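To start, the structure under review is shown below, and the notes come after it.
Given the structure is predicted, the values throughout are model-derived calculations rather than measurements. Indexing begins at 1, ligand by ligand and atom by atom, following the structure's order.
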Amino acid sequence: MNVLLLGSGGREHAFAMKMAESNRLDQLYIAPGNAGTANFGINVNLNPTDVASVYNFCKEYQIALVVPGNEDPLVAGITDYIELAAAADGLQISVAGPSAWCAQLEGSKDFSKAFMQRHGIPTAAARTFRAEQREEAEAYLRQHAMPVVLKADGLAAGKGVLICDTTQEALESLALFWTEQKFGEAGAKVLVEEFLEGIECSVFALCDGKDYVLLPPAKDYKRVGEGDTGLNTGGMGAVSPPPFATPQLMRRIEESIVRPTLQGLQSEGVDYRGFLFVGLMKVGDEPMVIEYNVRMGDPETEAVMPRLQSDLLELLVAAASGKLSGMELRVDPRFAVTTVVCSGGYPGELRLGYPMTGLTGRDYTEDERLFHAGTKREGADCVNRGGRVVAATVLDADLKEAARRSLALAQEIRFEGAFCRKDLGQDL
Ligand code: AMP
Ligand code: GLY
C-alpha cells in the first residue's frame, strides 16, 4: 500500500524508518518531510493543514493510509474531511488519527479538563476563567494554595503554562494572558490549576475506537538546562522505559486512566482512532493526567520506535480500521536514550543555517540511530534549520551506558552553536 506521512520532525523520521521495514509498504510519501525522511520515501511539498490539498494528493497517488505526525492537521479536521470525501468518491483511504472533535482533547485544555471531570479520571483540580471574569479569577487566586499553575486554554506550542510560586506572581501573570495577550486567542480562557508534585511520564496508547495497545512509555526532558533548569523546550531528550514505570504502575495507569478515557469517549458516541498520548504526573503512587495529546510525543517517538519490534504499519492500519483486538506488541527490552542536538540560542532566538558534520560520519551499529529534526539540504551540505536539529538514540541493556553512548553519538554532530543536555537519565 501507499502511505502518506504528515510532518517534518524527528518523530516523522522515526515513523518513516519504522514503516519502511514493513513488507506491506509499497511507496511512502512524506509531507513535507526532512533530509532524513528522504531516505525512506519521497518528500512532497504539501501543507499538512490544507486538508483539501492533502486529499487531492491521496486521490492522485492512490494513498491507502494517512498518518498525521503532529496535532495541527488533526485539529484542522483532516480525519473527518478525508473520510467523508473518500466515502463520497468511493475510495478506501483511512487516517490513523482521531476526529477534530477528539482532537480538542489536546486543542483545548478546558475541554479536556471537563472531559476528565465528567469521567472521573484523576487529574489536578482546576477552574476556567475568561477575561470578563477577571475579578472572580483574582479572588480565586487569592485563596488558592501556592504554587499554582496558569494555563492558556488553546494550543500555545508548549509555552502557555506558567507555574507561579506566589499569589503576587499569579495575579501579575493574568496580565500576560488578558492585557498583553501574549498567547493571542489561545489565552482567551485561562485554567487555574492545582500544582502537582511528582515525576512525569509519557504513556502512549494506539487505539482503534474500542481496543488499544500500549506502546513503551518514556520520560521526556523538557527544560533546556542540566538538572531541569531554564526555559521549557519542545524536548531535549527522552528515556524509554523510565525505570519507575513498573508493571504495577503501568497496570494502574491502564485501570484508572487509559481504559476510563476510551470508555468515556465511547459513552459519548465517538470512536477514537490513532495515538493517544497521556502526559502524566506520578504523585506518590498515584498517576494523574497533566494533559492529553492526540499524537505521539517528540522526542519520545525517537526513543520508542527503535524499541518497537512489531510491524508499525500493520498496527496503524489495524488502528484506523477498528481491528486492533488481539494484537500484541513485541518490544526490545533494552533501554533507549535519545539526546537532542539543538541550535545555538534554543529555545530563544535561533542561530540557523550552519553546515553540519558528523551526520554520516561512519558505519552505525544496530543499536545507534540518528533522526533528523531541523535539518535542510543545501547543495552537498546539511544545515541546521530549526531549534531541535538531530535526535541521537542508543539502545543498551544498561541505562547508564545507553545515556553515555547517546550523548557520545549526539556529540559527533557538529555545527556552529550546537549544544545538548549531558545529564539525561541521571535522575533515574
Ligand atoms: P502542558 O503544556 O500541559 O504539558 O504543561 C507543560 C508542563 O508544565 C508539563 O510538562 C509539566 O511539567 C508542567 N505542568 C503542567 N501542569 C502542571 C501541574 N498541574 N502541576 C505541576 N506541573 C505542571
Ligand atoms: N515531548 C512532548 C510532546 O511531544 O508534547
Side-chain angles (χ1 to χ4, degrees), residues 7 9-12 14-15 68-72 74-75 103 105-113 116 122-128 144-165 170 173 183 186-187 190-204 215 217-224 228-240 242 275-284 286-305 338-340 342 347 371 373 387-388 391 421 424 427:
R11 166 180 49 210
E12 286 73 30
F15 278 151
N70 77 2
E71 65 279 15
D72 292 336
L74 295 166
V75 172
L105 286 174
E106 173 162 0
S108 166
K109 292 193 191 291
D110 185 36
F111 177 95
S112 68
K113 188 64 73 175
M116 288 183 258
T123 185
R127 269 188 64 183
T128 303
H144 201 288
M146 293 295 136
V148 68
V149 186
L150 302 187
K151 297 187 172 183
D153 168 54
L155 292 177
K159 297 187 177 74
V161 175
L162 303 174
I163 296 172
C164 306
D165 289 322
S173 296
F183 308 105
V190 175
L191 274 76
V192 177
E193 185 170 295
E194 171 198 7
F195 177 80
L196 300 178
E197 182 88 61
I199 185 153
E200 282 182 69
C201 187
S202 303
V203 170
F204 309 102
L215 289 131
K219 177 179 169 14
D220 155 41
Y221 290 81
K222 286 211 173 74
R223 300 293 199 90
V224 71
D228 285 332
T229 53
L231 294 173
N232 254 324
T233 70
M236 300 295 292
V239 172
S240 175
F275 291 109
L276 177 71
F277 163 176
V278 187
L280 53 86
M281 188 79 86
K282 176 177 167 284
V283 182
E286 232 13 75
M288 299 183 79
V289 180
I290 299 254
E291 62 168 353
Y292 290 117
N293 296 306
V294 296
R295 52 170 175 86
M296 282 294 288
D298 194 345
E300 290 98 319
T301 305
E302 294 94 301
V304 168
M305 284 301 135
T338 302
T339 302
V340 177
C342 301
F371 299 108
R388 291 184 288 166
R421 263 182 73 166
L424 303 181
D427 56 332

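- Counting the atoms of ligand 1 from 1 in the order shown, those under 4.0 Å from a heavy atom of M281 are 21 (C), 22 (N).
- Counting protein heavy atoms only, atom 20 (N) of ligand 1 is closest to L196 N, 2.8 Å.
- If you number the atoms of ligand 2 from 1 as listed, the ones under 4.0 Å from a heavy atom of R295 come out as 3 (C), 4 (O), 5 (O).
- When the heavy-atom distances from atom 16 (N) of ligand 1 to K222, E106, K151 are ranked, the shortest goes to K151.
- Within the 4.5 Å cutoff, the side chain of V75 has no heavy atoms near those of the V294 side chain.
- At least one donor-acceptor pair under 3.5 Å links the side chain of R11 to the backbone N or O of M296.
- Formation of a donor-acceptor pair under 3.5 Å by the D153 side chain with backbone atoms of D110 is found in this model.
- Given atom 1 (P) of ligand 1, the protein heavy atom at minimum distance is E291 OE1, 3.5 Å.
- A salt bridge does not link E193 with K109: every distance from a Lys NZ or Arg NE/NH1/NH2 to an Asp or Glu carboxylate oxygen is 4.0 Å or more.
- Looking only at heavy atoms of the protein, atom 11 (C) of ligand 1 is closest to E200 OE2, 3.2 Å.
- Listed by atom number, the atoms of ligand 1 under 4.0 Å from K109 heavy atoms are 1 (P), 2 (O), 3 (O).
- Here V161 has side-chain heavy atoms under 4.0 Å from ligand 1, and that is the only part of it that gets that close.
- Among protein heavy atoms, the minimum distance from atom 17 (C) of ligand 1 is reached at I290 CD1, 3.8 Å.
- Listed here is the closest heavy atom pair of H144 and V192: CD2-CG1, 4.2 Å.
- Within the 4.0 Å heavy-atom shell around ligand 2 one finds G297.
- Residue F195 has no nitrogen or oxygen atom sitting less than 3.5 Å from a nitrogen or oxygen atom of ligand 1, judged on distance alone.
- Residue D220 approaches ligand 2 through these ligand atoms, each under 4.0 Å from one of its heavy atoms: 1 (N), 2 (C).
- The side-chain heavy atoms of E197 and V283, taken from C-beta on, include no pair separated by under 4.5 Å.
- In terms of polar-atom proximity, defined here as any N/O pair under 3.5 Å, E291 makes no such contact with ligand 2.
- Counting atoms of ligand 2 from 1 in the listed order, those under 4.0 Å from a heavy atom of G234 are 1 (N).
- Shortest contact from atom 13 (C) of ligand 1 to any protein heavy atom: I163 CD1, 4.1 Å.
- With P299 as the partner, the side chain to side chain contact (heavy atoms under 4.5 Å, CB included) test is satisfied by one option alone out of V340, V304, T339: V340.
- The shortest N or O to N or O distance between R11 and ligand 2 is not under 3.5 Å.
- For A14 against F371, the heavy-atom pair with the smallest separation is CA-CE2, 3.6 Å.
- Near F277, with a cut-off below 4.0 Å to any heavy atom, the atoms of ligand 2 are 3 (C), 4 (O), 5 (O).
- For A238, the heavy-atom gap to ligand 2 stays at 4.0 angstrom or more.
- Among protein heavy atoms, atom 1 (N) of ligand 2 sits closest to E300 OE1, 2.8 Å.
- Side chain of R388 to backbone of G234: a donor-acceptor contact under 3.5 angstrom is found.
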